[in-house]
Amino acid sequence: MLFHTLSLALIGHLIFHYWEPERITIASVVLIPELLAVILLSHPLSLGNALWNVCVFLLVMGLSTVAYRLSPFHPLARFPGPTLNKITQFQAMWTNATSRQHLDRHEMHKKYGHIVRVGPNALSIVDVDAVNSVFGLNGLEKGRYYDARQLPGAPRGLLIMRGEPHAQRRRLWNRGLSTEAIRGYDASLGKRLVELTSRMESLKGSFDLTPLIVSFTFDVMGDVAFGQDLGMLEHGDTLGILKSIEGFNRSLALASHVPWLAPVFHRLPAIRPILQGMRGFAISNATKRIQSGGSSRDIWHYLADEAGLEKEKPELQNVIPDAVLVIIAGYDTIATALTALFWYLLKNPECYKRLQQEIDSTYPDHADPLLTPVPPSKLAYLNACINEALRLHPPVPTSGPRQVPYTVNDKVVAGQVIPAGTQIYVPPYTLHRDSRYFPLSPDKFIPERWLGVKELDTAAFIPFSYGPANCVGRQLAKQELLMVTSTLLQRFTFSLADGFDSDDWPNQANDYLTVTRASLFVRATVRDG
Ligand code: HEM
């Protein structure tokens, strides 16, 4: 009898080893018949015997999997990494839940080198060659990690699409975030900047800059995405939506490490309401937008192809997942970049001073930055500061993995032959701090390094990722960062609040694909003249 149980366990192991299930429902196709066979073959057939055999079956299958993953026969055996990460994906999930994933991975790279085995079938590669071979035109598609972002009953959004469907949807997004479309969003940005500066003027003493910036970028996204006034700056987070979004990001980030479990995870009583709440928020905004007809060209206008430029208009229910994406991708990342930029400037007064001078000379006599077109060379130092903040504190610090398809034998990345099925991360946080690409004190904020960019290997600078699935909103993001920083520095003198212990500020960010932001207490004094 034991022989049958052991044989079935080893067969189960072999099946899962060659064919990693993408969903627990698919895994059940193998597991349920095997478990039934284990039970029915129990001799004599009794509850006690059946339970014992099921336990032996699961134990043997588990142990043989562990032994294989740690053995020299595993295709990734030659790559170093922490033992627990080699054994199970649950370790990555646990690390993500209990610590700061990007910092943890950074430490792993310091210990194990440029290529680390971060999961049984996952590698993290810090090498500029990987940027093109993983993300580039002939690179790899998004890995299974992204499938956990598929909400129950919802269609796919751009972030989890691949191949031709991704290219088709991306065309709509490209239109909505083109130079011409962005020009149409300037009025919203200007209106919200007036609101932000008058809020700051009304604040006496020190205040937390983080929620103000978050509310501002959230309202800008509401205007730009749906033409909806989300009223976060005026009324605050009365519906608790920001908390919901953080919960949403966290839940999806954790599930992403074990995507085959996601359909179960998403239905857990603690998780389901969070996901439904976020989807409900997007649906309600989209519905309001559809009912109002939209008075201006917002991103929804382009995503729903209201101008009828496509052969077939997308069905509205297929546009909803992108409505969730545009809000989160749009406000969250820019808020992180802005708060990080302020933290670095406030910690580096020399840089702050130089930037202030550049802004004052570019916009003399209180000229409105939004209404005063200037060539980018005039704001070279501001661009350099933005790049440097994005380098040291990328809002998407680990990013999601790409996957070597099962249909090819293997793929050469950074000079290494990587076997089919492997998930590959190229973490911006660690790549950006690699002295091979940023030789001058890579952990220090030195905007001047960007003033002579030709000396730098900028291919290793990927805050917006790279290739066909790179950030479609990067131009809008850059524009918003330039305008907000110019306006705020023109209007106020900022300093860190007295007694605020700010040294560890960047390290308090939690990495849930995008990162969270800690409080940043500052003083803002209105400038004379
Ligand atoms: C500083 C600001 C921003 C940063 C650092 C940033 C960064 C990124 C990164 C790294 C990715 C790739 C993620 C992945 O591969 O998993 C991405 C994708 C994306 N971003 Fe951004 N982003 C920013 C702002 C924006 C804005 C303002 C929007 C839209 C309004 C936006 C929309 C998107 C979308 C839709 C994708 C998915 C692209 C695709 O899969 O084809 N992002 N972003």
Side-chain angles (χ1 to χ4, degrees), residues 102 131 134-136 139-143 145-149 156-163 165-178 181-182 185 188-189 213 217-218 220-226 249 252-253 256 298-300 302-303 319 321-341 386-387 389-403 423-429 431-432 461-485 511-515 517:
H102 57 301
V131 172
V134 170
F135 297 119
L140 302 170
E141 293 287 4
K142 286 177 176 169
Y145 172 99
Y146 288 87
D147 293 332
R149 302 188 156 254
R156 285 182 169 238
L158 181 76
L159 192 67
I160 45 178
M161 288 177 154
R162 288 130 178 143
H166 175 271
Q168 279 180 20
R169 181 71 62 84
R170 176 79 189 217
R171 211 168 41 228
L172 301 168
W173 275 91
N174 285 344
R175 274 185 211 130
L177 289 151
S178 63
I182 291 172
Y185 308 148
S188 304
L189 186 55
I213 292 286
T217 58
F218 193 75
V220 171
M221 268 344 280
D223 295 335
V224 165
F226 310 108
N249 285 345
L252 294 186
S256 300
D298 45 26
I299 296 182
W300 180 273
Y302 297 96
L303 296 184
V319 187
D322 284 349
V324 179
L325 179 58
V326 72
I327 295 241
I328 298 181
Y331 95 89
D332 191 25
T333 44
I334 299 187
T336 298
L338 269 172
T339 43
L341 175 58
I386 291 173
N387 278 353
L390 289 172
R391 182 183 74 81
L392 288 170
H393 200 80
V396 185
T398 305
S399 201
R402 302 307 190 246
Q403 183 175 329
Q423 312 264 334
I424 304 178
Y425 292 84
V426 183
Y429 183 86
L431 190 66
H432 289 178
F461 180 58
I462 51 164
F464 296 105
S465 191
Y466 180 79
N470 70 348
C471 176
V472 66
R474 64 199 177 288
Q475 208 187 325
L476 175 64
K478 278 280 188 95
Q479 162 81 348
E480 205 170 324
L481 290 169
L482 281 169
M483 290 304 126
V484 176
T485 315
D511 172 11
Y512 300 133
L513 189 59
T514 55
V515 285
R517 299 144 297 266

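Each ligand, and each atom within it, is numbered from 1 in the order the structure gives. Just the heavy atoms: all of them, side chains too, but no hydrogens, waters or symmetry mates, feed the values below.
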Counting heavy atoms only, name the option from [options] that's nearest to [atom].
atom: atom 39 (C) of ligand 1; options: E480, H166, R169; result: H166
atom: atom 7 (C) of ligand 1; options: P463, S399, P428; result: P463
atom: atom 15 (O) of ligand 1; options: Q479, K478, R402; result: R402

Minimum side-chain heavy-atom gap [X]-[Y] below 4.5 Å:
X: L177; Y: Q475; result: no
X: L513; Y: N249; result: no
X: I424; Y: Q403; result: no

Next on the checklist: Parallel, tilted or perpendicular, judged at 30° and 60°: which one describes the rings of Y429 and H102?
Outcome noted: perpendicular
Item to check | Ring geometry between F226 and W300 (parallel below 30°, tilted from 30 to 60°, perpendicular above 60°) | outcome: tilted
Item to check | Side chains of Y146 and R402, donor plus acceptor under 3.5 Å | outcome: yes
Item to check | Any side-chain donor near an acceptor of the partner, N174 and R170, under 3.5 Å | outcome: yes
Item to check | Minimal non-hydrogen separation, R149 against Y512, with atom names | outcome: NH2-O, 4.2 Å
Item to check | Closest non-hydrogen atom pair between A181 and G176, with its separation | outcome: CB-O, 3.5 Å
Next on the checklist: Please report whether ligand 1 has a polar contact with Y146, defined as an N or O pair separated by less than 3.5 Å (distance criterion only).
Outcome noted: yes
Checklist entry - Going by heavy atoms, is M161 under 4.0 Å from ligand 1? => result no
Checklist entry - Does N470 have a heavy atom less than 4.0 Å from any atom of ligand 1? => result yes
Item to check | Minimum-distance protein heavy atom relative to atom 40 (O) of ligand 1 | outcome: K142 NZ, 2.7 Å
Checklist outcome for this item: R170 heavy atoms within 4.0 Å reach ligand 1 at atoms 38 (C), 39 (C), 41 (O)
Next on the checklist: Please list, in number order, the atoms of ligand 1 under 4.0 Å from a heavy atom of M221.
Outcome noted: 30 (C)
Checklist entry - What are the protein N/O/S atoms, named by residue and atom, that sit under 2.8 Å from atom 21 (Fe) of ligand 1? => result C471 SG
Item to check | Sidechain-backbone polar pair: S465 side chain, N470 backbone, donor-acceptor under 3.5 Å | outcome: no
